[in-house]
Amino acid sequence: MSNAMRLLPRWYGLWTGTSEHESTATMSVRTNILPVMEGRGFAMQTEMFDPSTGTFLRGVRFALAVGPDGRVQTVGYSTEMGVFGLEETPDDEDVLALSGVTESGIQLNVTYREESPDTLMFSVFWRPHGASLGKNARPGLFGRIHRRQPWRPPAPQGGGNPV
Amino acid sequence: MTTIMDRFGPLIGLWRGPIVLQDGRKGIAEFSFCPHFEGNLIELVALSIDAETGESQAWGMAHLALDRAGRTVWRQFNQRIGFATLNEVDDDPGVLSASGSLSAGRQMMISIRQDGDELAVTVSSGMPDGPKTVSRMRRASRTLRERP
Amino acid sequence: MTTPLIKRFHDWLGVWRGPIEWSDGRRGIMEFTFESIFNGQAIEVRTVSFDSEGAPLTRGWGYLSLDRNGRVIDNIYFSDAGFSVLHEVADDPGMLSLHGPLPGNRNLDVAMMVEDDVLAISSRLGEGYAASDARPRTFTRMRRIGRSLAPREEAE
Amino acid sequence: MTAQLAEFLPWIGVWTGVGESQAGQPCFVRNRFFPGLEGDGLGMQFEAWDPGMTTLFHGVRAVLATAPSGVMRALAYSTIHGALILELTPDDPGVMALAGESVAGNRISVTFLQEEPGRLLFTAFWRPAMHERQPNDGPRMTCGLTRAVPKRPPGV
């Protein structure tokens, strides 16, 4: 079984955290991982915001599924790069690795590593298609997201309530 | 309003109706178009359902967006042919037609004609003159039929 | 990260479909979708039934959650009946039985069970306080469609 | 879909902003409106986080629908108040005002007000059941929300 179809059911849920963009800006990240197509595929829906103003900055939606030829690929769209199709590439057993070329001719490499059951580290490299990836190239985007339970009020709802 | 929503905004919503699949099976088709990222992307979830048992006969998803040059791009998956990227081809006004190549020299073609609360869809994914999937759906958000 | 609610209804999560005949004679396909929300704090339930041409017959929406005593609360909207808050009543293990008031001095009973990839539901819309058992019930048996949508634990 | 519900259709999409919770905490709010009940209702997903998005202070999933009587209500699940049914109270155009009681008896009020085409003002408050029945003064949550519109830079 591919890493994707083994890891994604485990990663089902709402994840949030922060991301660095080309080591210049820090963004808040919200990623929703959920089954689609009646559980036969999985979607990763990510939005990134300016943490001080709450303004939306960029977003990516993709769905992964197993094709008739057994390859795991995506239907995907990024507000920065448009429509894209990525394919899963072999990697360590706790890593989801995807790569491909976007419609705007950008070579894209995306990885999610499970650091713990509720922490994922992700990185995204991009470069013009055909250009080589420099030996110590830094990812354009990298960060950590965490899956947590919502805050619950102490019973009864009269206690110290942050909302 | 984004240019893609300008053209395809009326598709947004859920459609359902009879379908005859390319392999001859009959069922109920369900197409759900939803806008994302302020209408820069339209996501389609598609299903064909056996009218007797409710089992899913076919399923898939697609992304409809504009490329850098402003052309409509249709990136899709369905369980029979897998993944394909289609580009818009000329057709009558108000009709979305897109085509793209598949493996082994096959060609995929989809055309969607929306007219008020009616949606006509034709899909072929074999040899150009091969059998097609054909469906006529109606907007599902109509008021419910009165209970007897 | 499993919650008490997901531990109990883990197997229900996903899409279910099957034929239905309403007590008033309408016939079609019934579909239920159970989706875990807020990392398992509640389950959103979306329902639709449509006839053989795809024309919609009924629509519904609900939220399953646990009250402070660990019993199920199910607040629902159903196009034939309106809004209600249903509370769990005692029944056999594995069976979820819910009861609640509806506007207009009516009430709703629902019993649901999942067994071997079949979701069986029996429901009854009743009038008045006298809970006469002669009122018609609507039964439906739906099969799981596709795969379970349950969050998978670290080690199964 | 009723004309009253259709009035809110232009709000479909994601809205975000930073504001202050009823307890005075700074928070980041994300709210999404989407077609629900196959287009016969309006779905809502509301999340109030701390600015760094490490804690979900309050999450709500809901659908606004029309009861058979014609009254419009929001069926909801809140991570704080649990199962809710709130009534859409009559108000000016461009205002969605919802009010009701939770199962625990807390009184809840939620309002979205369209200030400009791309801007909503969100306010909400809840009062414990035993709180004396005075009008709307007292602390509340407020947050200005703007549409999440992607900025497509040239090049990449």
Side-chain angles (χ1 to χ4, degrees), chain B residues 11-21 25-34 43-61 77-80 82 112 114-121 133-148, chain C residues 14-35 46-61 77-82 102 104 106 108 117-121 123-125 127 136 138-149:
Chain B
L11 287 180
I12 299 301
L14 194 128
W15 306 78
R16 234 191 249 110
I19 189 171
V20 180
L21 293 172
R25 289 177 298 166
K26 291 189 166 78
I28 300 169
E30 186 177 284
F31 273 36
S32 173
F33 294 91
C34 189
E43 188 167 278
L44 164 65
V45 177
L47 265 179
S48 174
I49 298 165
D50 181 303
E52 293 303 321
T53 66
E55 193 54 60
S56 289
Q57 301 165 315
W59 57 87
M61 284 181 75
F77 163 80
N78 81 37
Q79 96 294 345
R80 202 167 52 76
I112 297 178
Q114 180 256 335
D115 182 10
D117 277 348
E118 305 268 344
L119 191 76
V121 175
T133 291
V134 180
S135 176
R136 297 190 72 82
M137 292 173 249
R138 298 196 63 215
R139 207 181 282 278
S141 61
R142 292 167 277 134
T143 43
L144 297 178
R145 216 176 57 187
E146 279 309 311
R147 285 170 57 212
Chain C
V15 179
W16 306 81
R17 258 190 242 115
I20 188 166
E21 182 167 356
W22 296 95
S23 51
D24 57 22
R26 289 171 300 165
R27 299 163 58 94
I29 293 287
M30 186 77 197
E31 176 184 280
F32 267 64
T33 301
F34 294 87
E35 178 191 345
R46 300 184 295 273
T47 77
V48 63
S49 70
F50 43 86
D51 68 16
S52 57
E53 292 286 302
L57 299 174
T58 64
R59 297 183 186 114
W61 199 285
Y77 164 78
F78 180 46
S79 49
D80 279 6
L102 284 169
R106 297 180 304 157
L108 179 61
D117 274 346
V118 170
L119 167 63
I121 296 186
S123 64
R124 176 169 44 197
L125 223 55
E127 300 278 342
T138 296
F139 293 94
T140 181
R141 290 168 58 83
M142 291 169 271
R143 298 202 63 82
R144 182 191 298 284
I145 305 295
R147 281 199 212 101
S148 159
L149 306 191

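Just so it is clear, the structure is predicted and the values come from calculations on it, not from any experiment. So you know, we letter chains A, B, ... as the sequences are listed, proteins then strands, and number each from 1.
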Colleague: Looking at residues at least two apart in the chain, or sitting in another chain, which of them share a salt bridge (charged side-chain N to carboxylate O under 4.0 Å, His left out) with Asp117(C)?
Modeller: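 By the salt bridge (charged side-chain N to carboxylate O under 4.0 Å, His left out) rule, Asp117(C) matches Arg144(C).
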Colleague: With a 4.5 Å heavy-atom cut-off (strictly below), which parts of residues 44-51 of chain B touch chain C? List them by number.
Modeller: Leu47(B), Ile49(B), Asp50(B), Ala51(B)
Colleague: Using salt bridge (charged side-chain N to carboxylate O under 4.0 Å, His left out) as the criterion, list what pairs up with Glu35(C), not counting sequence neighbours.
Modeller: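 Result, salt bridge (charged side-chain N to carboxylate O under 4.0 Å, His left out) vs Glu35(C): Arg46(C), Arg61(D).
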Colleague: Any idea which heavy atoms bring Ile29(C) and Thr53(B) closest together, and the distance?
Modeller: CD1-C, 4.0 Å
Colleague: Kindly write out the residues that satisfy ring pair (Phe, Tyr, Trp, His ring centres under 6.0 Å) with Phe31(B), not counting sequence neighbours, or none if the list is empty.
Modeller: none
Colleague: Are Glu52(B) and Pro19(C) packed together at the side-chain level, in the sense that at least one heavy-atom pair is separated by less than 4.5 angstrom?
Modeller: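 They are not in side-chain contact.
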Colleague: Can you see which heavy atom on Glu55(B) is nearest to which on Arg17(C), and at what distance?
Modeller: C-NH1, 3.9 Å
Colleague: Checking heavy atoms, do the side chain of Val48(C), its backbone, both or neither come under 4.5 Å from chain B?
Modeller: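 It is the side chain, since no backbone atom gets that close.
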